[in-house]
Amino acid sequence: MKALLLIDIQNDFLPGGALAVPEGDLIIPIVNQLQEQFDLVVATQDWHPADHKSFASNHEGKSPFETTELLGLPQVLWPDHCLQNTSGADLAPALETRKIEAIFRKGTNPEIDSYSGFYDNGRLKSTGLADYLRGKGVTQVYLAGLAADYCVYYSAKDALGEGFEKYFIEDATRPISQEGYAAARADMLASGGKIIQSSDLL
Ligand code: VGL
Ligand code: ZN
């Protein structure tokens, strides 16, 4: 059984959003078509409180995209984004949502960031996504969404770590940084996850 995981396809990650991913909007028609090939579609939603420590605005004298440490882990400081109950956190209006059976929220703990849809960055807590997928009989996880070098990449790594076969649908993602994505891509190839194109499925 295969599942399609749609990572953080939210207004703030689209052009014009608070943490815009270049060309992020271009994945939406592809993702909408891909959904027809899957019996299970699940989404994640970045869902931060205003006092989230991944926001540069919550660190005196720091600017977005500078780095710091949170609970001993390296942390990029982001512009405020995906604030709970704001339109920036909403799923993109153009995203087809009729087949999405569950939405897993992440990034709610103000003390730590949460890139993967499975665990926060410090692995303090599971979202329950892996058990949910196992409960549905899923063995293969296909990933799409934003951003390719952060939340899709970390979700893909954890999918593999949880024992799922993992397929990263490259043209159904876009990165924040091309250099960051080049490193993420090399790591995914080295760790045995497959990188595919939507045309392999359509
Ligand atoms: C993301 C940075 C901060 C993502 C979320 O969805 O890739 N990136 N929060
Ligand atoms: Zn975030």
Side-chain angles (χ1 to χ4, degrees), residues 4-28 31 42-59 62-71 73-92 95 100 103-125 127 129 141 143-159 166 168-185 187-188:
L4 178 63
L5 213 57
L6 303 179
I7 305 295
D8 299 2
I9 306 180
Q10 295 168 261
N11 287 327
D12 270 344
F13 296 123
L14 300 183
L19 179 42
V21 178
E23 300 185 342
D25 53 326
L26 299 187
I27 72 166
I28 295 178
V31 163
V42 179
T44 65
Q45 195 173 23
D46 210 33
W47 193 250
H48 296 308
D51 62 350
H52 200 268
K53 289 197 177 144
S54 76
F55 296 168
S57 64
N58 289 320
H59 299 263
K62 291 274 191 187
S63 303
F65 306 104
E66 286 183 33
T67 54
T68 188
E69 273 191 13
L70 283 188
L71 301 184
L73 298 169
Q75 175 69 46
V76 179
L77 292 171
W78 303 110
D80 293 16
H81 65 277
C82 296
L83 280 158
Q84 297 173 357
N85 300 306
T86 66
S87 58
D90 286 345
L91 296 181
L95 178 68
I100 298 175
I103 299 174
F104 286 79
R105 286 178 169 161
K106 61 188 182 63
T108 54
N109 179 350
E111 303 302 323
I112 192 149
D113 214 350
S114 205
Y115 294 148
S116 160
F118 293 90
Y119 295 94
D120 60 77
N121 294 1
R123 292 194 154 240
L124 304 178
K125 240 176 147 184
T127 61
L129 175 57
V141 174
L143 295 112
L146 303 169
D149 46 345
Y150 285 95
C151 291
V152 191
Y153 166 56
Y154 282 92
S155 297
K157 268 167 91 87
D158 278 345
K166 173 213 92 178
F168 187 99
I169 313 171
E170 193 164 45
D171 60 323
T173 66
R174 285 292 186 285
I176 292 175
S177 138
Q178 291 291 344
E179 304 80 68
Y181 179 60
R185 189 180 203 280
D187 179 53
M188 287 192 285

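Numbering of ligands and ligand atoms starts at 1, following listing order.
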*Measure from the side-chain N and O atoms of Thr44 to the backbone N and O of Asp8, and report whether any donor-acceptor pair falls under 3.5 Å.*
yes
*Candidates His52, Gln84, His48 - the one meeting side-chain contact (heavy atoms from CB on, under 4.5 Å) with Thr108*: Gln84
_Nearest-neighbour protein heavy atom for atom 5 (C) of ligand 1, which is reported as residue plus atom name and distance_ = Asp46 OD2, 3.2 Å
*Does any N or O atom in Leu146 lie less than 3.5 angstrom from one in ligand 1, N or O only?*
yes
*Please confirm whether His81 comes under 4.0 Å of ligand 1, counting heavy atoms of the residue only.*
yes
*Tyr150 neighbourhood, listing ligand 1 atoms whose heavy-atom distance to it stays under 4.0 Å*: 7 (O), 8 (N)
*Look at Asp46 and state whether any of its N, O or S atoms is less than 2.8 Å from the Zn ion (ligand 2).*
yes
_Under 2.8 Å from the Zn ion (ligand 2) - does any N, O or S atom of His52 fall there?_
no
*Determine whether the side chains of Tyr153 and Asp187 contain a donor N or O and an acceptor N or O closer than 3.5 Å.*
yes
*For atom 1 (C) of ligand 1, grab the closest protein heavy atom and report residue, atom and distance to one decimal in Å.*
Cys151 SG, 3.2 Å
*Do we get Arg123 above Tyr119's six-membered ring, with its NZ or CZ under 6.0 Å from the centre and within 45° of the axis?*
yes
*Can you find an N/O atom of Lys106 closer than 3.5 Å to an N/O atom of ligand 1?*
no
*With a cut-off of 2.8 Å, does Cys82 place any N/O/S atom under that distance from the Zn ion (ligand 2)?*
no
*Between His81 and Ala18, is there a donor-acceptor pair closer than 3.5 Å when you use the side chain of the first and the backbone of the second?*
no
*For Asp8, counting its heavy atoms only, list the atoms of ligand 1 lying under 4.0 Å from any of them.*
4 (C), 6 (O)
*Is there side-chain contact between Ile169 and Val31, with at least one heavy-atom pair below 4.5 Å?*
no
*asked:* Main chain of Lys53, side chain of Asn58: is a donor-acceptor contact present, judged purely on distance under 3.5 Å?
replied: no
*With the Zn ion (ligand 2) at the centre, find the angle made by NE2 from His48 and NE2 from His81, to 10°.*
90°
*Does any donor atom in the side chain of Asp46 or Gln10 lie under 3.5 Å from an acceptor atom in the other side chain?*
no
*Which is it for Val152 and ligand 1 at heavy atoms under 4.0 Å: side chain, backbone, both or neither?*
neither
